[in-house]
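To find a chain, count down the sequence lines: A is the first, B the second, and so on, and within it residues start at 1. Side-chain atoms are counted along with the backbone in the values below, which use heavy atoms only and exclude waters and symmetry mates.
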Amino acid sequence: MNPDPNEVLLQESIGTLERLAFMFAYPDEERQTAGPGPVVAACVSFAGPVSGQLALQMSAAALPELTANMLGLEPDEAIDASQQHDALRETVNVICGNLLPALFGPSSVFSIGAPQVLAADAPGCPAGGTPVATARLALDTGWCDLQLYTGSEVDVDRDG
Amino acid sequence: MKILIVDDSAVMRAMILKTMRMSGLPIGEVMQAANGQEGLAQLRTSPVDLLVVDINMPVMNGEEMITAMHEDPNLTAVPTIVVSTEGSATRIERLMKYGVRFIHKPFSPEQIRDTVKQVMTGRGGP
């Protein structure tokens with residue numbers, strides 16, 4: 001039986017957050033919608049054997065920790081908005097880069113676009129559709145959700 | 001050791017540099033560029049001991065930069081490490097034919113240290 005795309009997205013997201021930003025994330029299976037408080041979001045497009053987008057939303061409260069951990073800053077060191085947006089873009093980019101071969105196999109060649117931070121009032125990434133995989137995570141300082149959108153249902157590579 | 005780090009993310013450039021310093025590597029002068037075109041221009045005016053380059057970048061990506069380096073006799077021997085989210089074995093194998101080493105993001109200090117040592121001791125490629 002092929003692995004569940006939701007489980008692959010969950011595990012790649014948890015692993016990337018831990019190794020990239022030393023943030024421990026846990027499956028938040030109870031939560032059905034976005035978590036509380038202000039939200040920051042980013043998305044990245046990819047093209048290859050399957051094309052689509054990976055979207056990430058995170059509680060704004062968690063973004064300073066993500067950024068500081070990636071940069072190895074001390075708690076009293078200042079972080080500007082540009083650094084936080086850069087860290088958010090790089091996070092969704094790295095998750096996507098790890099997710100695609102895990103889902104579709106290491107021999108699949110994908111072109112990953114430039115990740116984008118979405119404005120607070122943006123319609124989202126993408127404009128519509130139903131995600132083929134979703135991960136809802138709890139963080140120590142907030143929450144993080146990911147959705148994978150593709151043009152068709154994901155058929156996970158057994159050896160991926 | 002004089003290095004050039006090429007990545008369109010300033011945060012990632014800072015992460016790579018910090019990780020290299022944490023690894024105990026003898027880092028001297030550090031140059032940075034946000035894409036392959038800027039990186040090539042810097043390499044042509046200021047030689048380095050080690051190049052660390054991403055693949056997915058605007059203007060000129062890392063694969064294009066490495067290809068251009070191997071068409072320039074002055075740049076073919078620059079020890080090069082690709083640090084990228086790239087997961088395609090096909091593309092990685094294509095790049096490794098140029099003698100570069102590959103580190104997948106996210107990376108650990110140990111991976112950086114070991115790979116730099118391999119590249120700097122001439123065990124960088126096939």
Which residue pairs pass the ring-ring contact (aromatic ring centres under 6.0 Å, His included) test when at least one of the two sits in residues 58-92 of chain B, sequence neighbours left out?
B/H70-B/Y98
Can you pull the ring-ring contact (aromatic ring centres under 6.0 Å, His included) pairs that have at least one residue in residues 22-52 of chain B, sequence neighbours excluded?
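As it turns out, there is no ring-ring contact (aromatic ring centres under 6.0 Å, His included) pair with a partner in residues 22-52 of chain B once direct neighbours are skipped.
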Closest heavy-atom contact between B/V11 and A/A87?
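For B/V11 and A/A87, the tightest heavy-atom pair comes out as CG2-N, 4.0 Å.
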Highest number of heavy-atom pairs under 4.5 Å with chain A among B/M15, B/M57, B/M12, B/M22 belongs to B/M15
With clusters defined by side-chain heavy atoms of hydrophobic residues (ILVMFWY) lying less than 4.5 Å apart, directly or transitively, does B/V82 cluster with A/V109?
no
Salt bridge (Lys or Arg N to Asp or Glu O under 4.0 Å) contacts in which one or both residues fall within residues 32-47 of chain A, not counting sequence neighbours
none
Using only distance (under 3.5 Å, no hydrogens or angles), which donor-acceptor pairs connect chain A and chain B?
from   : atom 1 : to     : atom 2 : distance (Å)
B/S9   : OG     : A/D86  : OD1    : 2.7
B/S9   : OG     : A/D86  : OD2    : 3.4
B/A10  : N      : A/D86  : OD2    : 2.8
B/V11  : N      : A/D86  : OD2    : 2.9
B/K18  : NZ     : A/G72  : O      : 3.4
B/A89  : N      : A/P106 : O      : 2.6
B/T90  : OG1    : A/S107 : O      : 3.3
B/R91  : NH1    : A/F110 : O      : 3.2
B/H104 : ND1    : A/N98  : OD1    : 3.3
B/K105 : O      : A/N98  : ND2    : 3.1
B/K105 : NZ     : A/E90  : OE2    : 2.9

Side chain, backbone, both or neither: which part of A/L100 has a non-hydrogen atom closer than 4.5 Å to chain B?
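Neither the backbone nor the side chain of A/L100 comes within 4.5 Å of chain B.
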